Amino acid sequence: MNKRKYDPASIEEKWRRIWEEKKINYTDITDHSKKYYCLDMFPYPSGSGLHVGHWRGYVLSDVWARYKKLQGYNVLHPMGWDSFGLPAENDAIKKGIHPKISTKNNIENIKRQLKEIGAMYDWTKEINTSDPEYYRWTQWIFLQMFHKGLAYRAEMPINWCPNCKTGLANEEVINGCCERCGTTVTKKRMMQWMLRITQYAERLLSDLDRLDWPEKVKVMQRNWIGKSEGASVLFKVDNGSDIELEVFTTRPDTLFGATYVVLAPEHPLVFKITTPDRLSQVREYVEKAINKSDLERTQLSREKTGVFTGAYSINPVNGKRIPIWVADYVLVHYGSGAIMSVPAHDMRDFEFARKFSLPVIEVIYSEDAKRNKDGSLLDAYEGKGVLLNSGHLTGMDSDEAKAAIVRWLEKSGKGCFKVTYKLRDWVFSRQRYWGEPIPIVYCDNCGTVPVDEKDLPVVLPDVESYRPTGTGKSPLAGIPDFVNTICPKCKGPATRETDTMPQWAGSSWYFLRYPNPNLKTAAFDRDVVDKWLPVDCYIGGVEHAILHLLYARFFTKFLYDIGVIGFDEPFMRLFNQGMVTKFSEKTGKLEKMSKSKGNVVNPDPLVKKYGTDTVRLYELFIGPPEVDSEWNDSGIEGCFRFLKKAWDFVVKEVDKNSQTNDISRKRLHLLIKRVTERIEEFKFNTAISAFMEFLKDLPDDTCYSKEDIEKFVILIAPFAPHFAEELWCEILKNEETIFRAKWPGFDKSLIVEETMTIPVQVDGKLRGTLSVSKNIDAESIFEAALNLEAVTKIIGNKRIVKKIYIPGKIVNFVLEK
RNA sequence: GCCGGGAUGGCGGAAUGGCAGACGCUACGGACUUAAAAUCCGUUGGAAAGUAAUUUCCGUGAGGGUUCGAAUCCCUCUCCCGGCACCA
């Protein structure tokens, strides 16, 4: 008799080595007859390595990839490194280690950890965004955008840390303060490279409907794009000039209630309309507002401020003369940077009007409006209603009035229907070292000139100091060898752009590179990517719900538009795994695992103690994959015990060398059904419970043939691959890897029970159960149910008002009250 | 403030209109053992009654509703988590 016990230490490394040697995880991309692209969001190679929270997503996608492979798909499951970025650069500043070196070391460590997960990554397809052979193509895509006018330069305010003397990315600004030194971040206007993502706003919005993504993520993207429909209205300035102010409103029906106009402090017409007597006050206000930090302007106080310009404008609809103000509650980058103010029907306008004693004219009447005793509005009423004080439109309902006013505006040339988006163009410049150099040259004769494609990549040079220059330029500006070059056009002396791209650049197209990661002649081969993409299933954390996923969609649509790929959405299905949380001593709360919260759990010691397969199982068993779960070390024992039991079960059954009996076959087929269905639904936690239930109360006469025990081992293979492979090859004596085996099907007829247990209720309370044939008719089951002692006792001599039988589900008797 | 998601035993969770608490952990009791580890068996939501098998009542954040029947559907509220936040 075989007495071998389950010993993960002796099998896991062995199989990983053999899989690698035999290229089990290699994906032949020329075979795309039944392809499946299962992609993980690739990691930033951080110095602290992976914790059990990272593991969760990787285990999840690996189970899915292995399941697909066992179903006969040719699965592409690659991995790579999003390796440009700030932590490496900040480390370089602090410790003086070149980002290239620290990145390389970090990748080595994380790769070791990833390999320990036992995932079926095809490492021959590894990519690295900071590799010149990769970022050459990131630069190439930028040039294509430049040629199409989608990449442009503009003077934009950037986040500026006056202490570090450097520009900061949005993600480096925490609550209005510099992430590194805590100084309040201010703004600085600088020339920036921008990408015209707003040109894609409508498609990015409407194509969301085609995607099989979590509704939550789609909602977040929709809100971020922020489409709103309304009207653009022209207000003539009443100073003898021809100046007209364009305002945007979603409520053209309230136009008669406009009692003043407000410009954003940065609005270009502010000083053209301000009257001489008001000039000094306006100048003072504007300067103060512009220099306010985001924190001061949006978060600290919502108290309205503003200043009167001295000028008036004419409301086009009724010719009324209303004052023009400047106030920082109007944002320059939204709509036209100017609004018509309708205090009666907008909360913000109402507050402002009250503070500066401006008139409030009610133009939408509703019973729901909150009023003072004298009938005047207590607060702005923002809902719908019937028009009031609105000339010939009085009495119309607000929806009709919207359309009527827009029609009138268009007819009279005073405005038009208008759609605006909250989405803004993408600031693509970083005044930083560790990123892709923007491949542009400035020439005194030719102006802004793109680097020739044949001269890509523009290689990031080594620098002496990573410290920002203090002028707001990147450290690259301090390297004459890099900066000074010749103009690609006229061959005269020229200088290079020294800004680099943001970290999002490389990850906006990496999924296109995996099938052909070493292609020298192009970013990707159209024939190949058209076969393999879009990605069938993309798995990662919800923290990338907006930016990364939006940018990747934007890049994909652009590449589709220029005809280099044949699809315009990168990820058909998206799955967001829940966070792994743990109580943090620092904050006193349950928190997402992170180094700063001091609540990370390192998987390495757990792997050492229990083996990879047990940790994999526990990562899945901890809870539903899409929901946040709390990590608790003690639960892992259960998964280890389960694997030991499963091992002993297989060994014992193989030893019997017998045939499967009826009851055992039925149990196995039920297990196949449950596991298959639960994997399909991504309910890996209950798929594992199905195995545990199967093993828990094995009937005494359990008996399986070799063929059937193999089915059991295949079922468990996606979850515990080393475990299954060892049983498959060493105990079941198969020659070839289990991952070339076929996922078992189940026989429905075997699972259906001839008899079923039906609960019997009286007045909705359980009083007993009946074991009956599955074909029983209602009358017979009522008869049987009424013979149950517990039922007759409760009924007594009360009358039964209603008898209910839901076939296969329940019997219920309703008694007279 | 607005938009999502959530709240079920000591703990992680299962059940998405039909037997609440599957499965696992913890704890307790027992078997095996010189002993320990490992393993196996049993109990483990609360309350009450009974020598006992067992029986009864209560119970899914709070309150109301729909239904023969609600953890599940609807309304109101509380708390927690996430996103957005002067977007006209």
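Every chain is numbered from 1 and lettered A, B, ... according to where its sequence line falls, protein lines coming before strand lines. The structure displayed is predicted, hence computed values, not measured ones.
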Does B:G30 sit syn or anti, given that only angles within 90° of 0 count as syn?
anti

Ignoring hydrogens and geometry, is there a side-chain-to-backbone donor-acceptor pair from A:K582 to A:N599 under 3.5 Å?
no

Under 4.0 Å: is that the gap between some side-chain N or O of A:N685 and OP1 or OP2 of B:A14?
yes

Salt bridge A:R222-A:E215, side-chain N to carboxylate O under 4.0 Å:
yes

Checking A:K216 against A:E626 for the salt bridge (charged side-chain N to carboxylate O under 4.0 Å, His left out) test, could you report, in this order, the C-alpha distance in whole Å, the side-chain angles of both residues, the deciding distance, and whether it holds?
CA-CA 12 Å; A:K216 174 193 166 98; A:E626 72 282 4; over 6 Å; no

Within the structure, does a side-chain N or O atom of A:K696 lie under 4.0 Å from either OP1 or OP2 of B:C23?
yes

May I ask you to verify whether the side chain of A:K803 and the base of B:C68 hold a donor-acceptor pair under 3.5 Å?
no

Taking atom C1' in both B:G10 and B:U67, compute the distance separating them and give it to the nearest angstrom.
35 Å

Run the salt-bridge test on A:K227 and A:E202 with the 4.0 Å N-O cut-off and return the result as yes or no.
yes

First of A:E630 and A:I636 reached from the 5' end of RNA chain B, by closest nucleotide
A:E630

If you compare every side-chain N and O of A:S228 against the phosphate oxygens of B:A88 (OP1, OP2), does one of them come in below 4.0 Å?
yes

In terms of side-chain heavy atoms of A:E693, which of B:G82, B:A22, B:G18 is nearest?
B:A22

Ignoring hydrogens and angles, are the base of B:G24 and the side chain of A:E637 linked by a donor-acceptor pair under 3.5 Å?
no

